[in-house]
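Structure record follows, encoded as structure tokens.
So that the names make sense, note that chain A is the first sequence line, chain B the second, and so on, each numbered from 1. On a predicted model such as this, the values are computed, not experimentally measured, just so you know.
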Number of protein chains: 2
Amino acid sequence: MDLCGSSYYIPIGMEQVATTSRGRPREFDPAQALAAALQVFWRRGYEGASISELTEAMGITRPSLYACFGNKEALFRQALDLYETEKLCYVKTALEAPTARGVAERLLRGSLAIQCSDSEPQGCLGVMSTIAGVTEADCIRDEVLKRRASSNAALLARFCQAQEEGDLPDGIEPDALACYLSTVMQGMAVQASGGASRDTLEKLVQTTLAMWPGR
Amino acid sequence: MDLCGSSYYIPIGMEQVATTSRGRPREFDPAQALAAALQVFWRRGYEGASISELTEAMGITRPSLYACFGNKEALFRQALDLYETEKLCYVKTALEAPTARGVAERLLRGSLAIQCSDSEPQGCLGVMSTIAGVTEADCIRDEVLKRRASSNAALLARFCQAQEEGDLPDGIEPDALACYLSTVMQGMAVQASGGASRDTLEKLVQTTLAMWPGR
DNA sequence: TTCATTATATACCGATAAGTATGAAATGAA
DNA sequence: TTCATTTCATACTTATCGGTATATAATGAA
């Protein structure tokens, strides 16, 4: 796979900036095409998204897709990257909340906001990609699980800090709480995928917070 | 589609019992074959399970599958029926617990037991089938959502009763609690699909119960 | 035995999947 | 202009999908 030349993603360690290309100029914007691909993966899942559907949504031809993004799997990874930076950025700020309960509230509300957008698919791309593809590309599943694990680690670290600050509910360990909160968020994604309304999920967030000891 | 004669599933309203057939006798046990099919659907999801994989696991040929079960979708529905009667039977007894908290505990533990079997796939067939197939056979998704809704209705009814008995946590409505509990169980299924260990899920159940007000 | 009936095995069908070969078109460099 | 380079458009490849046609084998009934 040759990703040199004027390819969109500049190989690591190339001293020569690849913005000035020599041959025929590309007629589409890779960033825009990738955003369109993300929407398709988000709606259909990895296996459910066919190359034909992707190219149509991206407004490019099949060989252009392969030349620019490598193959379906590589395209999906790049879509995942975009999803993380654009949609999961709320996680970082959520972890900066002053209390453990505040972290939970920000995470739940952030998750709600993504999954109930009127203009975007319902549900969570990550949850879809681990569940849907129990068979499929195992590497896809592993990739998503790896990213999820790193996110969980950050949450765990935050709750460890909370424990030191005496900020956790009685008798609950940081890892247990992190796992619990992740689970609720993943359950929320399942609800959203199933077509749950924004009101339903709003109420779900409220209920979860109501169950959280020590308002 | 002709399902008469000695077919396994006797058409409704046939006065003539179909157990005594006339032609060549079937060489496999439909119930056993269906159980094998369930395992495949459970591991792979509806779309992920190919007819070839199904027939191999069922130990029958392709035309036998179609003759006996109709088609892939009909086979899946029958597998769902089997899943409900064999794997989801714990729901019924769970609802008979004396307190709302007892209902939750039985549901969570029952769910745990299914999803952590050593001999069977991890995760929940129902959750897989709604998430995985956001694209795929919409009718499959709708079917599973319909069954889930009926199960949710039963849970809601039980929590309404609990409310009358003054058995609900303060300030929490029956529908909110039912939705919350369903969500946690669905999140558990996501965790299980992702390979979470039995210990992890045990702890998750404990944490969820610890969050439940009023021991 | 003869025949209608049902199940089996094999080989096939059209559709679609992911991925690619090939030649024309558009650029910068020489 | 000439040429190496890169993109684009069309058409193709191989594999697999769900589903079926067809012929043969095994049974009960007449």
Length of the line joining [X]:[atom1] and [N]:[atom2], which is rounded to integer Å:
X	N	atom1	atom2	answer
A:Asn71	C:dT20	CG	P	8 Å
A:Leu54	C:dG19	CG	C1'	13 Å
A:Phe69	C:dG19	CZ	P	15 Å
A:Met58	D:dT7	CE	P	14 Å
B:Arg22	D:dA25	CZ	C1'	17 Å
B:Arg44	D:dC17	CZ	P	11 Å
A:Tyr66	D:dT7	OH	P	17 Å
A:Glu56	D:dA9	CD	P	15 Å

Under a plain distance cut-off of 3.5 Å, with no hydrogens placed, do [Y] and [X] share a side-chain donor-acceptor pair?
X	Y	value
B:Thr183	A:Gln191	yes
A:Ser50	A:Ser52	no
B:Glu120	B:Gln39	yes
A:Arg148	A:Thr130	yes

Inset, instruction - Tell me whether the guanidinium CZ or amine NZ of B:Arg26 lies under 6.0 angstrom from the six-membered ring centre of B:Phe28 and within 45° of its axis. - result: yes
Inset, instruction - Look at the rings of B:Trp212 and B:Phe159 and say which category their plane angle falls in: under 30° parallel, 30 to 60° tilted, over 60° perpendicular. - result: tilted
Enumerate the protein-to-nucleotides 9-17 of chain C contacts in which both atoms are nitrogen or oxygen and the separation is below 3.5 Å.
none

